[in-house]
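In what follows, a single structure is set out as structure tokens and then discussed.
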Amino acid sequence: MYSQEKTPMKKPVCQERGGNARTERKSAATAKDFALRRVRGPDKVTRPYMKIVVLLGGPGSGKGTIATRLVAADRTFRHVSSGDLLREAVRLQTDAGREADGYMKRGELVPDELVAAMIREWMGRSGEGASTLLLDGFPRTVRQAEILDETAAGCGAELSAAVLLEVDDATLFDRIAGRRGCPGCGAGYHVTNIPPKREGVCDVCGSALVTRKDDSFETVRNRLEVYRNQTLPLIDFYRARGVLRRVAGTGPIEGSVDRVRCAI
Ligand code: AMP
């Protein structure tokens, strides 16, 4: 749970670096390096260097909530959730949406190329004025991570951190069981941890809140299984690249946001 979990707050990662840093990286450029660095695009126009931050973690680990708060605090951050892009495609009944629908209902991963095409398209139109792209839910397989590298190289961006939100299974189930979303504006809630002011009603736009179809117990169990089998290999992938950061994703949400902010 976000606010009621008893897990003691850990020190922000950046405060731990003295002796007990949980950051795993070989050589990391500092934020200043990134801000100063410039790349030349194919059009020979010098443009600001963009960081890509991948948020890793099981369903309910808080990736979307944390990313939303980071963006609210820094307007040069951009956030995309591959799940949101796919749900929108399903809602609009595009070709991609129709293809993805069955996989999503079963809690399985949609084909790599399909989701990668959506992310590529999003990255192409979201770079303007951005310092940092926060990817939530993508990549989810090693193949997707390889595609991301190619896409990043093509748009003058570089992956600077893969942040793994560590949350135990019992907490994930508890969070997902209480998760509610707004179909109107996309705002996220939890019945006890992040409740709306009026029960069942979005604070932002007044729409009736809904439960995601794939948040049923059976589907969540399948999604966790898929996460273990297909997404956890990314930990080794990013550790080998020297960009993996492990962050506790339990306890009050503000603490998790701080730890992620420190880690990127
Ligand atoms: P999420 O909202 O991230 O929990 O994603 C919801 C569902 O969308 C997942 O259970 C998958 O079916 C699909 N999905 C989201 N992101 C990806 C991805 N990167 N690769 C494959 N399938 C994905």
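Ligands are counted one by one from 1 in listed order, and the atoms in each one are counted from 1 as well.
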Arg125 atom CZ, over 12 foreign heavy atoms within 6.0 Å
yes
Run the numbers on Arg98 and Asp101 for salt bridge (Lys or Arg N to Asp or Glu O under 4.0 Å), then give the verdict.
CA-CA 5 Å; Arg98 277 197 296 274; Asp101 198 21; over 6 Å; no
Just checking, Arg223 and Tyr227: is the charged tip under 6.0 Å from the six-membered ring centre and within 45° of the axis?
no
Which salt bridge (charged side-chain N to carboxylate O under 4.0 Å, His left out) pairs, counting each pair once, include a residue from residues 197-209, with sequence neighbours left out?
none
Short question: side chain of Ser81, backbone of Gly64 - any donor-acceptor pair under 3.5 Å?
no
When you check the side-chain N and O atoms of Asp168 and Thr171, is any donor under 3.5 Å from an acceptor?
yes
Distance filter under 4.0 Å, heavy atoms only, around ligand 1 gives Ser82, Gly83, Leu86, Arg87, Met104, Glu108, Leu109, Val110, Val115, Gly137, Phe138, Arg140, Gln144, Arg212, Asp214, Arg223
